[in-house]
Every structure is written in structure tokens, then in C-alpha cells.
Amino acid sequence: MGRDGYLGEFEQVVLLAVARLGQDAYGMRVRQEIEARAGRRATIGAVYATLERLVTKGLAREAEAPGGEERSGLARRFFTLTPEGVAALEEARDLQSRMWAGLKLRPSRRRP
Amino acid sequence: MTLPFDKAQGRPPRVPRAIVRLFAPPQDRAAIVGDLDEEFHQHRSAAQYWRQALASLPSVLRLRWQRAAVVADLSRDVGFSLRLIRRYPGFAAAAIATVAVGAGVASAVASAVEAILLRPLPYVNDDRIDVLQEWDTAGTGSGSRVSWADYVELSARLRSFEAIAVFDGASRTLTGLGAAERLAAVEVTPRFFDVLGVAPAAGRSFMAADAVEGSERVVILADGAWRRLFNRDRSAIGRSIVLSGVPHTIVGVLPRSFIFPSRGGAELWLPFRPSKAHLERPYFHSLDLIALRRAGITRESAAQELGGVVAEWAKRDPWHASSGLRAFPLHDDVVAGVRPSLQVLAGAALLLLIAASANVAGLILARAAGRAREFDVRAALGATRFRLLRQLAVESACLAAAGSLCGLLLGAWVMATFATAVPARYRLRLPYADRLALSPRAAALTIAFSCVVVALASVAPAWLRGRRRSLVSGGARTTSGRAEMRLRWLLVASQIALSVVLLAGALLITRSVLKLGQVSPGFDAHGLVMARLTLSGPRYSAPDAVPPAVDRLLERIRALPGVSAAEAIDQAALTGSGNNGAFAVVGRPPAARRLPALIRNVTSGYFAVTRVPLVEGRVFSAADTASSPKVVVVNATLARRYFGRSAIGQRIVFQFFEGQPPWTIVGVVGDEQFNDLDKPVNPVVYFPFAQASSGSFDLVVRTALGAGVRDSLRSAVASIDPDLPVYGMRTMDALVAESDPLLLRAIVMRLLAWFALAALLLGGVGVYSVLAEAMASRTREIGVRMALGATRAGIGRFVLRSGFMPAIAGLAAGCVLTAVSVPALRSLLFGVSLLDLPTLAVVVVLLAGVTFAACAVPARRAMRMPVTTALRVD
């Protein structure tokens, strides 16, 4: 996978959240999913900036749907994974697996 | 926007919401704000809203930057283009200089045209202000002024106009504020400023009572006079100043922005009070009229009403039989004299702009041909056509921007130089000529034109190449395509054609200036000095007081050292047609047409001092006194046109003399030009000063001192009357050299010569650059020719032929173009035919020489190249 296929850590987290949410993956839900599952703070701005980058890389695609009263009638933007997005996530997971395989972590001793 | 949350439920906090809305990219705004609102709806936590909004800002800004990635790409292109400019400084300098010359010159000339010819005069109702003029329908069609009686009748009758006003040039001697000085003045009827829609900056305008004989004399000052005489002191209003011996109260000051080009430079504005002559002589046509058309009335319908008045005049009065009345815009009247010159300059600047554009297009095309391989390689590496086009467009924009910037600087400099070069009298007489500056509109227009040309020339070859999909051709040197080469030769040919037009125009006008310089004004100007004098004040108010006073003055001046003769005429030669009238010949049928002529009053030695030759009869002598028989002298044109044979002894009658006495023609003198040098000489009737004097006259002094006689002349006049200022003093030589027809043509000639030189240089550069590029790309062909036995002379001829063919086509097209466009010069030409073959021949030879010089370098290079080197070039 070329440079464009490289996934940063936060990009992975966001893509995984999109995958987990399925048909319900829009900005607020993605952010809440990350906070709930990963236990880390994420801002709505960071989520959108990352999603936009993923769309540009061709790993996700977006679609808008009209919003209800609870969001002042403003449209929702839903995200789904593209096949390239799925492949990128799998590649990232496999890479981690390969790197972890048979590895036991031990703190290194300081040299004298 | 109203939110669907009611007060009880609470609304999302406005401030953070507005902040996010402000910074989010437009396409993401709804999604992000919607999400924030929705989350607020779930938790009702304003604090969380604030936290989210503020913490999101850096990401939102990053998102905005991502969205603007195209901009980032563009900035990369700009950087690349600037590096290219640095790498090929010669090409960049030539292209930038060419754009700068074209855009700079064109924007300067367009600015001058816009200011003088197109910008409305600074009056509220500029589009409704007309000049009303009486004119001779049977004669030359030239317009004349109107009489007081005409004005009174027209203001009472005409329904098409809201207000009609008279203005009449005058001058007054100001005394009591330092040395006596003569100030230019305009006398106007009370509604004059209403017609213009101008209110004084301080004080009041004129009222009807101001013009009534016996009422207090009042004056309105122009801003310049207020500043000069009173240092803009408001207490000047209400003060009294002495003008020509009569106290006048200052009642107002005109705004600083006020101009009236028809009488530019006037410092005093006075209520017009008709003189005895105005009231008693219905044919004393000395007044200018302006009128304000009623709103909704067109000039055509006003002209119909004027036609009705004229028809009635013709029935009522045979002296008015051939009179016409016309209304035309005040602005047209003001700029009529310079319109042809400015139009010619505008046309020439446009030609130069086109020539410069053709040149820069040729340069860019030559550059593109040299970079064909670079683009082919980039295309092969995956650059899309759009990407390449964008790169080229950015490059051209950089060139155009740099060229335009230099063009603006050049234009501003040309404008400043032009503004200072415009003679003072034009600065006063032409609207806005005293504040000429580069007009943003004109500059934007010419720069846009240059930019479009540069962009088209830059993008077109890549577009064509992209369509042909000719990519890397096996590593061989890529030569420019035939179509491209043809296009470049076409551009060179068009540059040469435009150079022909500009050169021919410049030469034709130069020849006109030379011919005009040879035209004799009919008198010997060399060694003559003129100065104007007005005998005003109570000492000279009696009708018979003027001739003896003039005699005394002339005696005193003749006695000055260095002065050989001094005479007087009411209006000197070359200073305008001035007083004129129509006469009838005694013995001809009463229905015969009245014959128009200029009228001049001269002292008896006038013809001797000016050396106007006597053709027949005699000139005036001391024996022609007020009590002797009434005699006149006429010029040769009058004698020939109205009498055909000898005019001596004929008696003529002028309507405007009391009792209409007959005047006997006793002499015919040579033609002296009173009007402009390029105009035909008018018939003139000279009256002896003793029998028809004038209180305002020009001294004509023959002296070896030239302008150096100024001070002694002043003190001689002051020794007789210290309150008589001598003004408008000039040598007659200067009067001839600075006369309108010569000066205007000289200005146009100089500017056209510069334009033509620029076009010539551009043409030369164009031929050289295209030929050099063409020959470089055909080096191998030249090598093959030499290898097959072509001589070096033959190779030289081959290169010259390649360069000359398009030049010859350009010369031929230029000659045709010149023949088509020269009629536009007609009004500026004098003594030169429209299709002047010697001029064209000079132009062709000159351009052929430039082409030869431009071809010589590539030809020499080709001839000197060793065969082996030529064959090795890939």
C-alpha cells in the first residue's frame, strides 16, 4: 500500500468507529463511540478533519441526509467504509499481529 | 435563524455556535454545527458545548486548510513559475517589458481620453446642458455667437429649456491690492450658475438685481483668486475691490472643484450688463449661450423648436435669411479642438497594445516550443493535461502580473510626464487636464487585455499538444509543430503590419508639421512683439477719448530704445477670428446675400509694421481722420471672392454702424491669417482706428530686443497711465510656433514617433526571436544542405528568405491597413495627401532594414556553423 494507504493511529480509531456504527456512523456518533469505547477524548472538529482526510484517501465515503428538529434541521453527514478502507484496516491489523507474534516484552537493562 | 428549542428547554449557547460557524469550512458547517446542537439536545450542557466548540477550533482550521489544498497546489505552481523566471531572465525580461510597454502606454492614453473626452463635466445636470449657437447655413457652416437681442428673444420664447444664460469673456484691471494686474473675468447673466447647477462655496450666487444698471457692482471670486488675493479668508466676502476703476463688492466664492473649461483660468465672475452696443446693435454677435434643457426633453425636440424660431427670423428679417440655430452638448464644445488628436492617439495606443500583445505571444510560443520536451516528459510521468495547463496558466499569470505592475508604473510615469508637458493653456481649457492621473478603469481594461493575451498564448500550445497526444518522440529533439510555427510567423507579420501603420501615421503628421511650419501667416512675424492693453475707467469712457490716447501711447513706445515701430490693432493676427459681421455692397440688389467678413480696426502704420504687402490702391494714412470720408482696406481674399475684379472704389454698408454709412474700399492688402494656420484665410475688412476705434487692443511692436522689450514697454505705458496693465505679451514668432494647429500636431507627432519606435523595436525583436528559434530547430537540416553541397552564401540566402517572407507579407498587409486607417488622421494632416507614396516608401525601406538587421544574426550563425557540428545536433 502506498503512502496514501498509510493509516495513522487516530485514523484507525476513527475508521474502526465508523465500521462499528455501520449505518449510524455520523460525526457525533463517531465521536461518542470513540469516547465510550477507547476512553479517550475526541473533539468533533478532530473527527471531521480525520474523516475528511479518509474520504480524500478513498478509504471512506460520505453521504448527507436531512437532519431533524433536534439538530436545528441541519443535515447529517454519514460515513461508510469503502473496500479500500476495509483493506487498509485489515492490513493495519495484520501488521500489528505480525509485529506482535511471539513477542514478549521485557524492559531492557541499562548498559553499564 | 430560529432554533426549535424553546426557552424552557434552552438553546445552544450562541457564542461558541457562532465561533464554529465562522471558522468551519462552508461545506462542513451544517454537519459540524448540527452535531454540536444534537449533542446539546441530548445533554443540555452549555459547558460541554463550549468545551467541544473551543477544543475543535484547531481541527476545524486544519479542515479548512485541507479543503483549500487546491490553494496549496497553486502556491507550489507560483513558486515553480518564479524559479523559471529566475532561470530564464532574458525571456522573462523581454516578456515583462513588452507587456509593460503595451499596457503602460495604452492605460496612460486611455486615462487621458477618459478624463478629457468621456468623463462628464462636474455639473449636476451635465447631460442636459447645451451650447446654443447661431450659424451661417449658406457659408462655411461655422458657428458664431449670438446677439443680446437674440438672447432676450430666445429666453422668452424657448419652452424646451429651463434656463438660458449668457457668458462672455472679459478681463478687469485690479487696483488697490498691490501692483495693478489684469485678471481674466467672465461676465454672466444671473441664471448662469443655475444652468450649471453650481452653488458658491461661500457667500451667494448672482441675483437678477445684480445685472440691473445702477445697482451695486458685485463680483464672485474663483477659488484660485480667493486663495491668491485673500489667503482664503472668509471675511473677504462683503469687502470691496476696485476693478477697472469701479468698486465691486465680493458676494461669493466658487467651490475649489469648480471648472468652466470654455473660459478656463477666469478669476472673476461678474454679472453681465449689456453695453450700448449690445442693446442697440441687433447684429452684434458677441455672446456665448448655454442652456439647461428641461428634464425629459431630448436634444432633437429642442432642435425642432429652434428650427421654428429660425424660420420665423428668416421671414421677419433678410439679414437673418441664412441663419441657423443649433444646440449641442457643452462637453462637445469644450473638447472639439482636441478630440481628433486624442482619438488618433487612442487608436495608436491600441495598435501598440496589439503589437505588444502579438510580440509577447510570439515570445511565449517560442519559449513553449523550447520546453516541449519538458512537458512531454511530465505528461509521460503521469501529469494530467489539466495539471499541465494549470502550471502554464500560473506561469503566464506571473508574467502578466509582473508585466502589468511594471506597466502601471510606466503608465503613471507617462501620465505624470504628459500632465506636465501639456501647455498651461490646455490645462485650463480642457476638462480635468490639470489633474490627469492614471484611471483605475482604463488601467484595469488594458491590463486585463494583456493578461488574456498572455494566458491564451501560454495555454494554447499545451492544449494543442495535449490534443495531438504527441509525447516523447524517441529522445529526438522535439521541434515545434508546423501549425505553431505558422502561428508565430503570423504574429510577426501582424507586428510588422501594425508598425507600418504607426510609422506611416507618425511620418504623415511629421510632414504636416513641417508643411505647417512653412505656411506664411501673411506677415513678417520675426522681430514683432505683441501685448494687450485695455483702456478702461472713466478717463476713456468718452467715445472720442480713445484715438488720441492710443496715439499718445504709441508715440511713447516708438521712442523706446530698440523699438523701430509700434502700431495697434483691436485683435492681432493668429489670435482667433474675433469680431466679424456681414456687409452689403452698394449697388447690388437688396435681396443679395449679406457677405460675411472679419472686422479689424488698425492704426495707420499697421500694414507697414507687420509688412503685410499692399496689393492695390493705398493703405491708411494720417489723413484718414474721424471727419474725413469713411474708408476701409480689404484683404485679397475678400476682393477675389466678393468682387472677382478690382475692389477699389466699391462701397460697402454694415448693418451695425449707426445710420449705416457706406464705406469706400481704398486698398487691397495681402492675406493675413487671423485664425489658425491650417484654416483657409477669411475675408477681412480693416477700418482705420481714427474712424472706428476700440478701447481694447493689441500693441504690435517691431523691435530688435524680442521679449526683452517687456519692461521698457511696461514702464512706457505706466508713465502715461499707471493703472493700465500690459498683459499677454509674446513674440509673434512664439505665437506662430505655439499656435494650436502646430502645437497639437507637434504633441501628437512626438507621441506617435515614440509609439512607432516602440512598435519598430518590438517588430525587430519578434522577427529575430522567431527566426532564431526556427533556425535552431532546423540546424540539422542546414547541416544536411551543406553536406549536400549548399554554399555558405546559399545558406545565408535561405535564412534571410525564411525571415523576409513573413516580413514582406506584413509589409503588404501594413500598406493596406495604412490605406484603410489613414482617413482617421485626416483632420490632423496638412498639405499631405492621405495616401502619400513617398511616406509609405520610407516606411517600407525602414522596416525592411530592421527586418534585415534582425535576420542578419541568425543568418551569420547558420553560415559560420561547421557542417559536422550542424549534423551532430539532435
Side-chain angles (χ1 to χ4, degrees), chain A residues 2-4 6-11 13-14 17-18 21 23-36 38 40-80, chain B residues 1-6 9-14 16-45 47-73 382:
Chain A
R3 190 174 176 276
D4 278 357
Y6 168 78
L7 277 183
E9 193 249 353
F10 191 62
E11 286 177 339
V13 171
V14 171
V18 169
L21 289 167
Q23 297 300 307
D24 202 23
Y26 64 96
M28 185 197 80
R29 284 257 178 270
V30 173
R31 192 189 79 73
Q32 289 174 340
E33 180 72 15
I34 293 169
E35 284 199 347
R40 58 192 268 185
R41 290 263 166 112
T43 66
I44 191 72
V47 168
Y48 269 101
T50 308
L51 282 169
E52 186 50 45
R53 209 159 51 236
L54 292 170
V55 169
T56 310
K57 287 179 177 180
L59 305 180
R61 71 168 69 90
E62 57 189 3
E64 299 226 329
E69 226 177 66
E70 71 285 4
R71 46 188 292 126
S72 329
L74 296 168
R76 280 197 186 92
R77 190 179 291 168
F78 288 94
F79 294 87
T80 49
Chain B
M1 175 171 168
T2 55
L3 293 172
F5 312 107
D6 60 31
Q9 285 177 313
R11 294 173 168 204
R14 280 188 196 175
R17 195 171 191 273
I19 292 175
V20 173
R21 279 184 61 82
L22 179 68
F23 289 107
Q27 55 271 61
D28 300 310
R29 205 169 279 156
I32 296 176
V33 175
D35 283 358
L36 283 172
D37 285 359
E38 190 176 342
E39 204 159 0
F40 176 81
H41 189 62
Q42 284 176 0
H43 304 297
R44 304 269 172 236
S45 166
Q48 195 196 353
Y49 200 111
W50 268 99
R51 234 182 358 257
Q52 271 295 320
L54 294 183
S56 286
L57 276 186
S59 320
V60 163
L61 288 173
R62 201 168 59 235
L63 185 59
R64 204 178 176 113
W65 178 245
Q66 274 168 232
R67 290 283 188 196
V70 182
V71 175
D73 262 12

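Side chains are part of it too, since the values below use all heavy atoms of this structure and drop only hydrogens, waters and symmetry mates. Residue numbering restarts at 1 for every chain, and letters A, B, ... go by the order of the sequence lines.
With a 4.5 Å cut-off on non-hydrogen atoms, Leu36(B) touches chain A through its side chain but not through its backbone. Residue Arg29(A) touches chain B through its side chain alone, counting heavy-atom pairs closer than 4.5 Å.
The side-chain contact (heavy atoms from CB on, under 4.5 Å) test applied to Ala46(A) returns Phe10(A), Thr43(A), Ser59(B), not counting sequence neighbours. Under the side-chain hydrogen bond (donor to acceptor under 3.5 Å, both in side chains) criterion, Gln27(B) pairs with no residue, sequence neighbours left out.
With contacts defined as side-chain heavy-atom distances shorter than 4.5 Å, the pair Val18(A)/Leu54(A) does not qualify.
Top candidate by heavy-atom pairs under 4.5 Å with chain A, chosen from Arg29(B), Arg51(B), Gln42(B), is Gln42(B). In terms of heavy-atom pairs under 4.5 angstrom with chain A, the leader among Gly34(B), Ala24(B), Ala30(B), Pro58(B) is Gly34(B).
Contact detail for Pro13(B) and Phe40(B): the closest heavy-atom pair is CD-CE1, 4.0 Å.
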